Amino acid sequence: MYDIQALYEAQSVADAVALRQAHPEAVVIAGGSDVLIKLREGKLAGCSLLSIYGLDELRGVTMEADGTLRIGSLTSFSHITRDPLIQRHFHVLGEAVDQVGGPQIRNIGTIGGNTCNGVTSADSASTLFAWDAVVELTGPDGVRQVPIADFYIKAGRVDLRPGEIQTAILVPRAAYEGYRGHYIKYAMRNAMDIATTGCSVNCKLAPDGTVADVRIAYGVAGPIPLRCPTAEAALRGKAPSREAVDAFARSVLADVHPRDSWRASKAFREHLAVELARRAVEQSIQLAGGAV
C-alpha cells in the first residue's frame, strides 16, 4: 500500500535516539496522521520510518514538583482535552486541540507531531506560544529545553538537532498560575479544516481589576506562529474598558505578517487578526473575573 523502504520501532527513548543516529534519513512517525498522508500522496516514496508510537513513557500529562505541567509528546489531542490537569490549569490548550480535524484525527494525532511539523496553522502552536511553553528535546548529548518561540525556525523547520526527538512540552507554573485564556479558530468550515487564522489570548488581572499581564499569539499570521508584544504592552496595566480593548486589538497589526494565499487575502487575515483579538481578550478577561 505504501512505498516504505524500512520500518524501525523504538523500544525506549534511548533506543529512539540511537536509531535516529544510525538512520538519520528515517522519518519519525508518532500518530501518523500527517506522515501517512504524505506517504499516500507519494511525497515520501521510498522512505524509511522510525516509529516512536510504542513509547508509553511519552504519553500523559503530569505536574512536576515545581508546578510545571509536563505534556508527553505522544499525548493525543483527545487525551489532552479530557485530562484533569489540563482542564484545571490550562483549559485553553484542550479548547484549541479539540478543534483539530475530526474525532479520528484527534484520537491519533499527537501534540509532538503537531509542533514538530513546524507549520504555522497548527492549532496547538499559538496557544503554546501564548503560554510561554518550553519544548523538551532528548538526544545524544542529553536533554535540552528550548522556549517554543525559539523552537520554530522558519516555515516547516524546527530546532531538532541530529539524533534528537521531542519528548515533552513544558508549561512553567508562572506561565499559567492566575491566567485565564481563550482560543478562537477561524476556518471556512467548523470541522476538518485548517485555520485561516488562529488567535490565542490569556490574561491575569491584578487585585484592583487592572490587567496585570496579557499575552496574545497567532497562527497563520506569519510564516511561523508569533506573539504580538506591541498589543500586549498596549493593554498591560490598563483597566479593562471598551477603549482599551479596541486599542489592544488594533495594535496587533504592528506585529502580524499575513500574506495573500488561495485560502484568504492578506487584508482579510488582517481584519480577522483585529476582530479575533478583540473577542478573545474580552472572553479572557471575563474568565479571569473581570468585565469590559
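All residue numbers in this chain count up from 1 along the given sequence. Predicted model only: the values in this text are computed from it and were never measured.
- For the atom pair Arg279 CZ and Cys199 SG, the distance stands at 11.0 Å (nearest 0.5 Å).
- Residue Tyr53 shares its hydrophobic cluster (ILVMFWY side chains chained together at separations under 4.5 Å) with Ile108.
- Residues in residues 256-279 take part in these ring-ring contact (aromatic ring centres under 6.0 Å, His included) pairs, two or more places apart or across chains: Tyr186-Phe268.
- With sequence neighbours excluded, no residue forms a side chain to side chain contact (heavy atoms under 4.5 Å, CB included) with Arg88.
- Atom CD in Glu95 sits 8.0 Å away from atom OG in Ser200 (nearest 0.5 Å).
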After noting the C-alpha distance and the side-chain angles of Thr167 and Glu136, does the key distance pass the side-chain hydrogen bond (donor to acceptor under 3.5 Å, both in side chains) rule? CA-CA 6 Å; Thr167 46; Glu136 180 188 272; 2.6 Å; yes
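- With a 4.5 Å cut-off on side-chain heavy atoms, Pro258 and Lys266 count as touching.
- Ion pairing between a basic and an acidic side chain is recognised when a charged N comes within 4.0 Å of a carboxylate O; Arg227 and Asp255 show no such pairing.
- Looking at residues two or more places apart in sequence or on another chain, you find no salt bridge (Lys or Arg N to Asp or Glu O under 4.0 Å) involving Arg157.
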The test is salt bridge (charged side-chain N to carboxylate O under 4.0 Å, His left out); show your working for Asp98 and Arg106 and say whether it passes. CA-CA 7 Å; Asp98 201 41; Arg106 293 194 292 272; 3.5 Å; yes
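- Shown here are the ring-ring contact (aromatic ring centres under 6.0 Å, His included) partners of Phe151, two or more places apart in sequence or in another chain: there are none.
- Ala249 pairs by the side chain to side chain contact (heavy atoms under 4.5 Å, CB included) definition with Val274, Ala277, Arg278, not counting sequence neighbours.
- The shortest heavy-atom contact between Ile111 and Ser124 is CD1-CB, 3.5 Å.
- Both Ile169 and Tyr183 are part of a single hydrophobic cluster, where members link through side-chain heavy atoms under 4.5 Å apart.
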